[in-house]
Chemist: 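I'd like to ask some things about the structure below.
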Protein chains: 2
Amino acid sequence: MIDNFYILTEWRNSFLIATATETATESEQGTFILAGVLLSLVVIYFASKLGGEVCSRINLPPVLGELVGGVLVGISAFHLLVFPESSAAEKSLIMSILQSTAGLPTEAVTSVFATQSEIISVLSELGVIILLFEIGLESDLKELIRVGPMAAIVATVGVVTPFVMGTLGLIYIFHTPAIPAVFAGAALTATSIGITAKVLAELGQLSSEEGQIIIGAAVLDDILGIVILAVVASLVKTGEIQVNNIIYLVISAAVFLIGSILLGRLISPLIVGLVNEMKTRGQVLLTGLVFAFILSYIATVINLEGILGAFAAGLILAETEKRKELEQQIIPVADFFVPIFFVCVGAKTDLSVLNPTVASNREGLIIATFLILVAILGKVITGFTVFGNPDLNKLAIGVGMIPRGEVGLVFAGVGSASGALSEATEAAIIVMVIATTFVAPPLLRLVFKETDTIAESVDKVQE
Amino acid sequence: MIDNFYILTEWRNSFLIATATETATESEQGTFILAGVLLSLVVIYFASKLGGEVCSRINLPPVLGELVGGVLVGISAFHLLVFPESSAAEKSLIMSILQSTAGLPTEAVTSVFATQSEIISVLSELGVIILLFEIGLESDLKELIRVGPMAAIVATVGVVTPFVMGTLGLIYIFHTPAIPAVFAGAALTATSIGITAKVLAELGQLSSEEGQIIIGAAVLDDILGIVILAVVASLVKTGEIQVNNIIYLVISAAVFLIGSILLGRLISPLIVGLVNEMKTRGQVLLTGLVFAFILSYIATVINLEGILGAFAAGLILAETEKRKELEQQIIPVADFFVPIFFVCVGAKTDLSVLNPTVASNREGLIIATFLILVAILGKVITGFTVFGNPDLNKLAIGVGMIPRGEVGLVFAGVGSASGALSEATEAAIIVMVIATTFVAPPLLRLVFKETDTIAESVDKVQE
């Protein structure tokens, strides 16, 4: 057993003076921690696959299934994956399993629970970092620059409208404190490029003019959303909203993102040259990850988000000849780490606050309803800001921006972990993300069908 | 920042009553832990690639470079990657970097250091588990059963001879206590199937009769080595050598390995059927890992090694139609985790005990010399136990079994982590592993050259 080093040293030291019983107990603590981590990973992967498979069968994005799977194994249902912040060690089913199968002694439960929960938390943090690195790799900086003012307008309106409507609505209608209101508003700005692109591809609309505008705006939205997330999360840390602070953060986010991309473009030929010289296994993957981890570290150190650095690293490396290879190799690593993040987000969501039979919960439900309305309206109107071509299906553009998907869940996860959100607001955001992502694929199919019918009749006339 | 959940709860709770300063400090602890883990990973990958690339250029196995790279960044040299067992938090260069770049406060250094070291340790434990899963996937159970008695004899003699010579020599010549002597003896039994197979392929001898015997024996040796590792590591836990204990462990290792393989073969069509039904990303990889983690957990619970379960899972899944796909997908995951293990083993090796100018160190050096002699002699004589074909290059068979490689390092790592080995014995084992793996490729080239010359003259005569 490669036991926990720290505990083993204590054990090694105590070995000389301790009785056999004491020795066994302390030595086994490391074994129990590893066993707990292994069991937690089994539970996480089981939940993510169960949820993902069910969702993919009913034509919904698998990532939603991972979240729902997390809810099932988490604090809201089976108590398999719970964290010290919301549950006592004794209520963790994994600790009970360790006690009954591995003989974990009662007095060690609390410390084993705390340590294995910390490890799962850091694995889930690495999960978001790797997810954003992957999203960066899949984004296209040149496409971003190439897409015209229309995509920029759609993206900007689609960020500003729901943010302002959501934040002000929460503050003035629901009397929510400023920080959670800003966080919920920020969560409304995201657009899931992954889900949108997938749905468009399924409808064969990826290369239509509407499709091009949606994809361009979603790419911009992705970056805007990450900057907003970084700004909001940093605001949470400082504890209040200060204009100086916002300006400093917006500037440092912009300087970091633009600076790292410009500098990265200068350095990336060197990185590619270095990788081409390397002969050992994993040279592309590990060089890419080292680059992502260094930028994540720098972003963290200057009070931005680690994920912003990982995203910038992905964007930079997406422009090199190593993109395809890196995209291929990051897939299994992301498959390993990313579900840990989504399942943990679901597991920590206490859906009991949404039980309408409890009077005090109605606040969360009303907030959720409000957020869903703002989320849909705030994106649908963006389509109508598009000028030029009057034949454009403006409704389709707006509807295409609706799904919040992964990016919205990242907001919920970050907000949840930072402690800025009340349970009601947190659950309301997740319900909003689920609702928008659920509603977008069928809605998009509906609004594009009209165009198809028109296109078909045009085709028939031309025949 | 997805902060550490546990710390954040405390922070969330304290938020209501604490001053702004206290809040910032506690909230940032999670950020520092993640930043420390990111920096440690950057250091680990840098060390593994630096060492690996240098070694691959001078025709040595890259894995040795990872170990040497680990020595460079570890306790013996630059103090970047150190662990609480052997170093104070203040001596960790990563903590110093966090203090100067990220503003880690002095009072938080010890707890951040302890937590991030624990996380790196568990990541390195996951590294061995994934490595052994991969080795299992690359092994061939049918080839194992097919290879005749010769491979079995070579494997058995090659395990028994160095084990007995090493253990008894240490006990009677060096007066080493029984447990470390058994551990060092066990480390002498390993054969690196990876290094051996690679060298044979380079020499074009993989399909020669000698090559077939070497590969067959190395596969058997791999399993014998793992059983021995499990037995020895379990013995370390109980603190003494008891015949009952050995019998129980040998039987439970055999029952677990044979039982899980027989049961696994029954279950594996169900697993393959399930995977074929699945539609979401990572279904092959995650199903394989869940299987490996469950078997690891069971092996851990019945007092065997987690790695034995991962190896059994690999062997079972290697027989299914998913082998190729799984082998492909496990590569990037192994590239991520496995270097953490090897670099950590190197980083924890305190080579200062091998400084010959210090009188008290000479013991380690003498042990190392003895182990290297036993390691080479114990394997070389195995070739001469082969009966039948008198034209066989018996010396080549023995030399082919010399490299200890990854498997030997796994022994060193497990021994080091379990605290069973004295620093001198631990360093001596690593020096032995390095020496045998260094010496095997050129030696093998030398002894096969003779055969080549003979074969060429035969060819010429036939012409």
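Letters go in sequence order (proteins before strands), and every chain restarts at 1. Quick note: numbers below take in every heavy atom, side chains included, and nothing from hydrogens, waters or symmetry partners.
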Chemist: Take B:T101 and A:Y297 through the side-chain contact (heavy atoms from CB on, under 4.5 Å) test and state the conclusion after the steps.
Modeler: CA-CA 10 Å; B:T101 62; A:Y297 178 78; 2.6 Å; yes
Chemist: What residue, out of A:I331, A:L126, A:V37, has the most heavy-atom pairs lying under 4.5 Å from chain B?
Modeler: A:I331
Chemist: Considering only heavy atoms, which portion of A:L274 lies under 4.5 Å from any heavy atom of chain B: side chain, backbone, both, or neither?
Modeler: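 Contact with chain B involves no heavy atom of A:L274 at all.
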Chemist: Write down the atom of B:T280, the atom of A:G52, and the distance for their closest heavy-atom approach.
Modeler: CG2-O, 3.4 Å
Chemist: Looking at B:D335 and A:G282, what are the two nearest heavy atoms and their distance?
Modeler: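 Shortest heavy-atom contact: OD2-CA, 3.2 Å.
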Chemist: What part of B:L50 is in contact with chain A, defined as an atom under 4.5 angstrom from a non-hydrogen atom: side chain, backbone, both or neither?
Modeler: neither
Chemist: Do you know which of A:Q283, A:Q116, A:K279, A:Q329 has the most heavy-atom pairs with chain B at a distance under 4.5 angstrom?
Modeler: A:K279
Chemist: With a 4.5 angstrom heavy-atom cut-off, is it the side chain or the backbone of A:E277 that approaches chain B, or both, or neither?
Modeler: both
Chemist: Under 4.0 Å between a Lys/Arg side-chain N and an Asp/Glu carboxylate O for A:R281 and B:E134?
Modeler: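 So A:R281 pairs with B:E134 through a salt bridge.
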Chemist: Side chain from CB out, backbone as N, CA, C, O: work out which of these in A:I294 comes under 4.5 Å of a heavy atom of chain B, or both, or neither.
Modeler: both
Chemist: Between A:L123 and B:L123, what is the shortest heavy-atom contact and its length?
Modeler: CD2-CD2, 3.6 Å
Chemist: With a 4.5 angstrom heavy-atom cut-off, is it the side chain or the backbone of A:F337 that approaches chain B, or both, or neither?
Modeler: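 Just the side chain, heavy atoms under 4.5 Å.
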Chemist: What do the steps show when you test A:K49 against B:T287 for side chain to side chain donor-acceptor pair (under 3.5 Å), and what is the final call?
Modeler: CA-CA 9 Å; A:K49 281 294 143 213; B:T287 309; over 6 Å; no
Chemist: Can you tell which part of A:I44 gets under 4.5 Å to a heavy atom of chain B, answering side chain, backbone, both or neither?
Modeler: neither
Chemist: Which class fits the ring pair A:F336 and B:F293: parallel under 30°, tilted 30 to 60°, perpendicular over 60°?
Modeler: perpendicular
Chemist: Name the member of A:L41, A:L289, A:L39, A:V290 that forms the most heavy-atom pairs with chain B at distances under 4.5 Å.
Modeler: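 Heavy-atom pairs under 4.5 Å are most numerous for A:L39.
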Chemist: If you compare all heavy atoms of B:I119 against all heavy atoms of A:V122, which two are closest, and at what distance to 0.1 Å?
Modeler: CD1-CG2, 3.3 Å
Chemist: Run through B:L34, B:L38, B:V42 and flag the one making a side chain to side chain contact (heavy atoms under 4.5 Å, CB included) with A:S296.
Modeler: B:L38
Chemist: Taking side chain as C-beta onward, heavy atoms only, is A:P332 less than 4.5 Å from B:I330?
Modeler: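 A side-chain contact is absent here, since even the closest heavy-atom pair is not under 4.5 Å.
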